[in-house]
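What you see is a predicted model, and the numbers here were worked out from it, not measured in a lab.
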Amino acid sequence: MRSDSIKKGLQRAPHRSLLRACGVTDEEMDNPFIGVANSFTDIVPGHIHLNKLAGGVKLGISKAGGVPFEFNTMAICDGIAMNHEGMHYSLASREIIADTVESMAQAHQFDALVLLPTCDKVVPGMLMAAARLDIPSIVVTGGPMLPGRFQGKSVDFINVSEGVGAVLSGKMSQEELDELERCACPGAGSCAGLFTANTMACLTEAMGMSLTGCATAHAVSSKKMQIAKASGRKIIELLNKNITPSKIMTQEAFENAIAVDLALGGSTNTTLHIPAIASELEEKGVNISLEIFDKLSKIIPHITAISPSGHHTMLDLDRAGGIPAVLKVIENKISSDVITSTGKSLKENIKDAKVLDDSVIRPLDDPIHKEGGIAILKGNLAPKGSVVKQGAVDAGMMKHEGPARVFNSEEECVDAILEGKIQEGDVIVIRYEGPKGGPGMREMLNPTSAISGMGIKSVALITDGRFSGGTRGPCIGHISPEAMVGGRIAALKDGDIIKIDISNRKLDVLLSDKDIKDRLENIVSPEKKIKGWLLRYRKMVSSADKGAILR
């Protein structure tokens, strides 16, 4: 066992003395040491209950003959960090989380890990660490929040965000928004729609890194606690069988996860996180690019309409059969012979899975859309790619041509929207918000929610930044190369005609290559005062099409 290096032999007497200070007994010195990476915090709704789940995990580990050691990582709530300085730190925190788990596991030579994340960057950060360490690991995602109820309808955090624009445009009263604010987020868990946190939980289960049913078991359910205890027991089995993350997270498993993402119509942020996790396994032959997302999108139909793409919630998905049922529907289009954290193959895991409500999980012959929920666009504005959640775009906006309204920051854009300066037909351009330009590639939920809430219908938005998983409409992000490194989006001026053709995967500005080149030669990037570790992040981060990883 790895942990023997801190507890066996004469020279480890000093180490054992410190372990004894922690309450480790003679008997436990012979048992495997299991790290429990807990991202509990009092300020993130998705994480406020993780201490209880960690207790269940540790009980399961102890009963199976292991010795659990809990430690903590950071967690940022994207909703609270939105639209101010804090959002610079959100995507960047993924790297700190991965480094923290790696550091704790290596310094203390844990034999295996149980990982407890919930929210957007914590799930991929912990998976990156698991892949990097390649010691037996299992994930217990914290689970979705129950939806709120407002005027007889299910609501969530995004409804509140859009409510701000609705008040400003006179479509909702301040009193109604106050009522909505108080009921939309009723308690623990990740926001109730298919936003980034819940999308990543679903992909973690589809990839085989969490137990069957984990992704959609809600935070407040007894099922979630049962899964936590079972995961604690299961990690000892994975250790005994030497089933490590590289044996689970294979090329086929990643493509299975992408297929589920496309079938669900999940968050575009997965096109950052899945390549980032895969980059930790390059030496194992794993290679995930944007092209794989687009290739699979043409053969995997979009079969669920979960908020923000529709009116269903994660609770509806769970009741309809969850991820096992989704996998069962697309089984003939994926690789089901891959090993999972259950110790069994994916095919065995979903053998008895059934769709319990085909209005929530649609059959292949009656999908929401014939193609998957995400599309990769290229063209003279995005030579290395850009991303759109096509499953949440109205049919009338799949093609759009209009004049650019150019802003060098999210704040400039939001001010213009709220002041009524955006017209129907415009293409809003927000640049210098990419991985380096932001830095940190901020989410653009405020402008998209303001547009939606104010009832502006025929406006598109393009950016080298990214979008919240709760975004809907013709919002194209991750434009690569980004403006800060001389990407073509930096050449745009107000009035330039931008042509969007999602069905044909094109994003172009009606300018010649010479005109773009001439403009770029005279570009002066705006200066942003950055301090702290974001300075290091800016220097080291890769482009969005590579997952915005540190290299």
Problem - N380 vs R488 side-chain heavy atoms within contact, under 4.5 Å - result: yes
Exercise for the section: Mind checking the CD-OG1 spacing from E410 to T448? Nearest 0.5 Å is all I need. Expected result: 8.5 Å
Handout entry: Atom of A129, atom of A98 and distance for their closest heavy-atom approach
Key = CB-O, 3.5 Å
Problem - Heavy-atom side-chain contact between L262 and H302 under 4.5 Å - result: no
Exercise for the section: Scan side-chain atoms only and decide if H47 and S39 contain a donor-acceptor pair under the 3.5 Å cut-off. Expected result: yes
Exercise for the section: Output, in order, the C-alpha distance, side-chain angles, deciding distance and verdict of side chain to side chain contact (heavy atoms under 4.5 Å, CB included) for S307 and D156. Expected result: CA-CA 9 Å; S307 174; D156 53 46; 3.0 Å; yes
Problem - SB check D501 R505 (cutoff 4.0 Å) - result: no
Handout entry: NZ/NE/NH1/NH2 to OD/OE distance under 4.0 Å, R319 and D357
Key = no
Handout entry: Polar side chain donor-acceptor pair, S458 to E424, under 3.5 angstrom
Key = yes
Exercise for the section: Check step by step if side chain to side chain donor-acceptor pair (under 3.5 Å) holds for R431 and T463. Expected result: CA-CA 6 Å; R431 62 191 179 191; T463 180; over 6 Å; no
Practice task
Go through the side-chain N and O atoms of R149 and S154 and say whether any donor and acceptor fall under 3.5 Å apart.
Solution key: yes
Practice task
Using only heavy-atom distances, determine whether the side chains of S512 and D515 contain a donor-acceptor pair under 3.5 Å.
Solution key: yes
Handout entry: Rounded distance [0.5 Å steps], CE in M200 versus SG in C119
Key = 12.5 Å
Fill in the blank from the handout: CD1 of I277 to CE of M207, rounded to nearest 0.5 Å, is 5.0 Å
Exercise for the section: Taking all heavy atoms of A219 and all of H49, pick out the closest pair and write down the distance. Expected result: CB-NE2, 3.4 Å
Exercise for the section: Check the pair C191 / N198 against side chain to side chain contact (heavy atoms under 4.5 Å, CB included), numbers first and verdict last. Expected result: CA-CA 8 Å; C191 298; N198 287 326; 5.6 Å; no
Practice task
For residues H88 and M441, determine if any side-chain heavy atom of one lies less than 4.5 Å from a side-chain heavy atom of the other.
Solution key: no
Practice task
Would you sort out whether L381 and K499 count as a side chain to side chain contact (heavy atoms under 4.5 Å, CB included), showing the intermediate values?
Solution key: CA-CA 10 Å; L381 263 182; K499 188 173 183 180; over 6 Å; no
Problem - I361 side chain reached by L317 side chain, heavy atoms, under 4.5 Å - result: yes
Handout entry: Salt bridge R519-D496, side-chain N to carboxylate O under 4.0 Å
Key = yes
Practice task
Find out whether I476 and L461 are in side-chain contact, i.e. whether some heavy atom of one side chain is under 4.5 Å from a heavy atom of the other.
Solution key: no
Practice task
Determine which pairs satisfy ring pair (Phe, Tyr, Trp, His ring centres under 6.0 Å) with at least one residue from residues 398-442, sequence neighbours left out, and list them in order.
Solution key: none
Problem - Those residues that, when tested against K514, pass side-chain hydrogen bond (donor to acceptor under 3.5 Å, both in side chains) (two or more places apart) - result: D518
Handout entry: Lys/Arg-Asp/Glu bridge criterion (N-O < 4.0 Å) met for R405, E412
Key = no
Handout entry: Pair K171 + E162, salt bridge at N-O below 4.0 Å
Key = no
Handout entry: N-O pairing of K378 and E291 below 4.0 Å
Key = yes
Problem - Within-4.5 Å side-chain heavy-atom neighbours: T196 and H273 - result: yes
Exercise for the section: Go through the steps to decide whether H478 and T271 satisfy the test side chain to side chain donor-acceptor pair (under 3.5 Å), and finish with yes or no. Expected result: CA-CA 9 Å; H478 307 195; T271 63; 3.3 Å; yes
Problem - 4.5 Å side-chain heavy-atom contact, L203 and T270 - result: yes
Handout entry: Pairing of E371 and K298 as salt bridge, 4.0 angstrom limit
Key = no
Handout entry: Evaluation steps, side chain to side chain donor-acceptor pair (under 3.5 Å), between E443 and N269
Key = CA-CA 10 Å; E443 288 186 343; N269 283 313; 3.2 Å; yes
Practice task
Output yes when K121 and D78 qualify as a salt bridge under the 4.0 Å nitrogen-oxygen rule, no when they do not.
Solution key: yes
Exercise for the section: With the side chain counted from C-beta on, respond yes when I430 and P447 share a heavy-atom pair under 4.5 Å apart, and no when they do not. Expected result: yes
Exercise for the section: Enter the distance from M172:CE to E179:CD here, rounded to the nearest 0.5 Å. Expected result: 9.0 Å
